[in-house]
Structure formats: C-alpha cells, structure tokens
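Bear in mind that the values here come from a model prediction, so they are computed numbers and not experimental data. What you see below is based on every heavy atom in this structure, not just the backbone, and it leaves out hydrogens, waters and symmetry mates.
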Amino acid sequence: MQDSFNLKPISYVNGTVFLPGSKSISNRVLLLSSIAKGTTYLDNLLDSHDTQHMLNALKKLGVKYSLSDDKKVCCIQGIGQAFHLSQPISLYLGNAGTAIRPLLSVLSLHKNKVLLSGDDRMRERPIKHLVDALKQGGAVIEYEENKGYPPILTRGGFIGGSIFLNGNISSQFLTSLLISAPLALKNTTIFIKGNLVSKPYIDITLDLIKRFGVNIKHDSYAVFYIKGQQEYKTPGNYIIEGDASSASYFLAAAAIKGGSIKVTGVGKKSIQGDIEFANILKKMGAIIYWEDYSITCTRNELNAIDLDMNHIPDAAMTIAIVALFSKGTTTIRNIYNWRVKETDRLSAMTIELRKIGAKVEEGKDFLSITPPVIFKYSNIETYNDHRMAMCFSLISLSGIGVNILNPNCISKTFPSYFKDFLSISNI
C-alpha cells in the first residue's frame, strides 16, 4: 500500500480521457439486473471497491453472473423477483452507500434475515430516514449498535402503502425505495418532506427503472406513485456511460492549465446530472464544446461564481478547487449533504484548502473560497475519501507540487485516476 503520492508541478495539460463507467449507474444496474427477469449483459461496468462490494453481496444472495477478464463486461442471470433467503446471512459493504441503501430496501421485501454492515465510516453515515420509511411500509429492522446507523438487521415485511420520507439528507434513500417498491405487495405512495437533495440522481434511478420495464410517476419530485406487484424485465444489453463526476477533474484541469481536454463517455445524451459541471465551468469562463458522448474543455480566464450546487454535490467539490484559480471569491451554496458523504466534506475541504493558503469561510451548508496569494506545498489528508484525493491532485497545476496522503482511497470509484491524470499532463 502506498502511503502518499507526490505530484510534481504540472505545466500544461492536453489530450483525451476515456472515462470509467459511472459508479451511480453501475451499482443500480447490477441490482436491477439481478432482480429482473432474463439475462442482462452490462458493458463498461466500473471496476472499483464500491462495485466489488455490490457484486460480492449479489453472489452471497445467490445471483449467478460472469465477468470478463478486464471486469468491464458482466453477464447476469436475473432471478425475476425479490430475494427469498432460506437462512440468515450477513453482507459486508465497506463504505459503499450505493450498495447498502438499495440492498436494505430490496432485502426488506420478503421474510429474510440479513445483517448489513460496513467499515468504520459507514457506521457514521446516517440511515435512519430510510429505515423509518421502510418501517412505515411494514418492514422489521433493528439497529445492531448505534441507533440510526449501520450495522442493521432486516427481517423483511415491507409491503408498501403510504410512506413519508425526509428528502434533505440523501437522494440514495429515495432511490432505494423506488427500486424496491414496484416489487411490494401493495401500491406505494412516497411523500417527500422538505426539499429533495440531488434531484439529478433520482432522474438516473427513474431512467434505469424504466429501461427495466417499470414506469414511476411523480408530482414535481414531491409525491411518487408506484404500482405494486410489478416485474422488472431485462433490457438485454446495456452500455454504462462514463462517470460524469470523474470527468470533472479532467475538465477542470483543462480550464486551469490547458490546452484542451476531451472526455469521452459522457455528453449531451448523458443521463447523469453531473454533466452540469461543464456548464458551471463555462459560467466561470472556460470554453466548452459538447457532443453526444463527449465534452471538450479549453482554457480561458476564470472568474469566481456564487451558486447553489445542491443538484451536483460531488462535482461541486471540484469547483472548490477551480475557485483557487479564479479571480474573486467563489461561494458554493446549499451543500449540507457534503457532511454525510464518505467524510464530512465541508469540514475536510476547509481544513485542506487553508493548508495551501486559501482563505475559506465554512458555513453549515456553504463554502466561500478566496484564492491564495501564494500557494503553499502541503501534505493533503484525504480522510479515506476518493474525491478529496482526486480534487487535490489539481493543486499540482498551481506551479507547486502536492503530496496526497493515502492515495489508494481512489480505488472506491476510479483506481486508474492518477495514471490517467498523468497521461494528459506535461511536467
């Protein structure tokens, strides 16, 4: 294991990057393919810690699948229904929120006895609002250690009905319910309390559910109507698009120190909300060129912005780094849910940005960043958070190097990130 990765100053970036498959899409379609009727062939599957946790869980649940040698093509034999388990099992899911949350709902549909656990950080990530919602639909769920947090034991019992869900913590709670509810005994109506965070991630979920043969109606994301006793059907072949959050680092690098960089695998036809990142770069001054399945960014003078980024929380982290290279003070607003991600990202960003000389104001749900007068060389703590490591690699574009601690945390979503980043860099 590598303890740190020292990036030398990078003077120029230029080239093309082929993006790995989207994490959000990969884990959703792995689960949907497993409970659908028929065989599904997935192409451009992401090979990362999060998807490995999902695949390991599916194998334990009796799903048969085969992976190509490069692990990018997966053939899954769907079981055509929710999981019925004859004996108790336990599933370890690391820090994969995109695995533990949807699995909890799907495993709560029948009389199963399943313990879901994860790593130390997962034990700090709230799941109470999802558990409360499932209990309203009849599920019997117990906390094994701390109330409101994994590990959790589900005994099944979810049959649907009227459910009230707090929408302002994590969109993954709603995603989880939307995937499982069509298989419930009764019709389900989900009422969202408060503002729904990260709406574009719900659009991904609804789009994928539709591709597996189920339509879900909603009233402006406030009420969702789901018919019960439905069946998912395989779409046959499904190509997973590139990861739009991962694209943000390369597009940002071009805006800061390009040249031009073209990312392929996402574009105008993408179903991921994080492609909006490119439009924010454009607002800041970068030159953006869109095609159906690629985005190209070219350097230009960058200016600060003040924006609500609730809809793209992951890519908004990259804007915090672009702010360091922009004229003026940038404010990123309505990002409270940074605090319940792989780490408390608001706090972590503030600490690390100050290390390199930035002036930072941290609020409960916002961050204001004024660029450093001079950049300072630093050892960057990553808090075992893949996005911290990838974001701060861009500090190498400042004329000084940067030392990233625990660089292997990128394996969560993008194991080849540093290799790909250096492939478009001139030192």
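Aromatic pair Tyr149/Tyr143: ring centres not closer than 6.0 Å.
Shortest non-hydrogen contact noted between Pro200 and Gly273 is CB-CA, 3.4 Å. Closest approach of Met284 and Ser326 over heavy atoms only: CE-OG, 3.5 Å. The two residues Ile271 and Ile204 have their closest heavy-atom pair at O-CG1, 3.2 Å. Residues Ala253 and Ile261 share a closest heavy-atom pair of CB-CD1, 4.4 Å. When every heavy atom of Ser248 is checked against every heavy atom of Phe277, the shortest pair comes out as O-CE2, 3.4 Å. Closest approach of Leu134 and Phe158 over heavy atoms only: O-CD1, 3.4 Å.
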- Query: Could you go step by step and tell me if Glu352 and Tyr383 meet the side-chain hydrogen bond (donor to acceptor under 3.5 Å, both in side chains) rule?
  - Reply: CA-CA 11 Å; Glu352 304 309 312; Tyr383 308 83; 2.6 Å; yes
- What's the verdict on salt bridge (charged side-chain N to carboxylate O under 4.0 Å, His left out) for Arg125 and Asp119, showing C-alpha distance, side-chain angles and the deciding distance? CA-CA 10 Å; Arg125 295 181 74 177; Asp119 64 11; over 6 Å; no
- Please walk me through it: do Tyr221 and Asn195 pass side-chain hydrogen bond (donor to acceptor under 3.5 Å, both in side chains)? CA-CA 9 Å; Tyr221 302 93; Asn195 280 332; over 6 Å; no
- Item | Residues Cys75, Thr39; criterion side-chain contact (heavy atoms from CB on, under 4.5 Å); working and verdict | CA-CA 7 Å; Cys75 168; Thr39 302; 3.6 Å; yes
- Might you work through the ring-ring contact (aromatic ring centres under 6.0 Å, His included) test for Phe325 and Phe375, ending with a clear yes or no? CA-CA 10 Å; Phe325 301 89; Phe375 281 84; 5.3 Å; yes
- Query: Yes or no on ring-ring contact (aromatic ring centres under 6.0 Å, His included) for Phe414 and Phe421, after CA distance, side-chain angles and deciding distance?
  - Reply: CA-CA 11 Å; Phe414 198 164; Phe421 180 59; over 10 Å; no
- Walk me through it: do Phe418 and Ile410 pass the test side-chain contact (heavy atoms from CB on, under 4.5 Å)? CA-CA 9 Å; Phe418 289 117; Ile410 59 168; 3.5 Å; yes
- Task: List the steps and the verdict of salt bridge (charged side-chain N to carboxylate O under 4.0 Å, His left out) for Glu291 and Lys262.
- Result: CA-CA 10 Å; Glu291 292 176 279; Lys262 178 180 188 175; 3.7 Å; yes
- Task: Apply the test side-chain contact (heavy atoms from CB on, under 4.5 Å) to residues Leu31 and Leu103: give CA-CA distance (whole Å), side-chain angles for both, the deciding distance (0.1 Å), then the verdict.
- Result: CA-CA 8 Å; Leu31 182 55; Leu103 280 168; 3.9 Å; yes
- Begin from the C-alpha positions of Lys72 and Asp47 and carry the test salt bridge (charged side-chain N to carboxylate O under 4.0 Å, His left out) through to its verdict. CA-CA 7 Å; Lys72 286 184 181 174; Asp47 177 26; over 6 Å; no
- Message: side-chain contact (heavy atoms from CB on, under 4.5 Å), that's the test. Do Ile89 and Leu61 meet it? Break it down for me.
- Response: CA-CA 8 Å; Ile89 64 162; Leu61 291 166; 3.5 Å; yes
- Query: Would Asp274 and Ser245 satisfy side-chain hydrogen bond (donor to acceptor under 3.5 Å, both in side chains), going step by step from the backbone distance to the final call?
  - Reply: CA-CA 6 Å; Asp274 274 4; Ser245 309; 2.5 Å; yes
- Could you please spell out the steps behind the side-chain hydrogen bond (donor to acceptor under 3.5 Å, both in side chains) verdict for Tyr249 and Arg387? CA-CA 10 Å; Tyr249 311 109; Arg387 300 221 178 276; 2.9 Å; yes
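Here the side chains of Lys412 and Ser48 are not in contact, with every heavy-atom distance at 4.5 Å or above. In this structure the side chain of Ser34 reaches within 4.5 angstrom of the side chain of Phe83, judged on heavy atoms. No side-chain heavy atom of Thr382 sits under 4.5 Å from any side-chain heavy atom of Phe392.
Between Asp243 and Lys23, none of the side-chain N atoms (NZ, or NE/NH1/NH2) sits under 4.0 Å from a carboxylate O, so this pair counts as no salt bridge. Between Arg123 and Glu145 there is a salt bridge, with a side-chain nitrogen of the basic residue lying less than 4.0 Å from a carboxylate oxygen of the acidic one. Here Lys199 does not pair with Asp203 in a salt bridge; the nearest charged N to carboxylate O distance is not below 4.0 Å.
Within the model, atoms CE of Met309 and CZ of Arg333 stand 10.5 Å from one another, a figure rounded to the nearest 0.5 Å.
Considering only residues two or more places apart in sequence or on other chains, Asp132 meets the side chain to side chain contact (heavy atoms under 4.5 Å, CB included) condition with Lys128. Every residue two or more places apart in sequence or in another chain was checked for a ring pair (Phe, Tyr, Trp, His ring centres under 6.0 Å) with Phe18, and none qualifies.
Ser176 pairs with exactly one of Ser108, Ser170, Ser105 by the side chain to side chain donor-acceptor pair (under 3.5 Å) rule, that one being Ser105.
Around atom CD1 of Ile351, more than 12 heavy atoms belonging to other residues, nucleotides or ligands sit under 6.0 Å away. Residue Lys37 places its NZ atom among 12 or fewer non-hydrogen atoms of other residues, nucleotides or ligands, all under 6.0 Å distant.
Taking the six-membered ring for Trp and thresholds of 30 and 60 degrees, Phe173 and His129 have ring planes inclined between 30 and 60 degrees apart.
A donor-acceptor contact closer than 3.5 angstrom is absent between the side chains of Thr175 and Gln172.
For the pair Lys193 and Phe164, the NZ or CZ position fails the cation-pi test of under 6.0 Å to the six-membered ring centre and within 45 degrees of the ring normal.
Residue pairs meeting the ring-ring contact (aromatic ring centres under 6.0 Å, His included) criterion with at least one member in residues 38-61, sequence neighbours excluded: His53-Tyr92.
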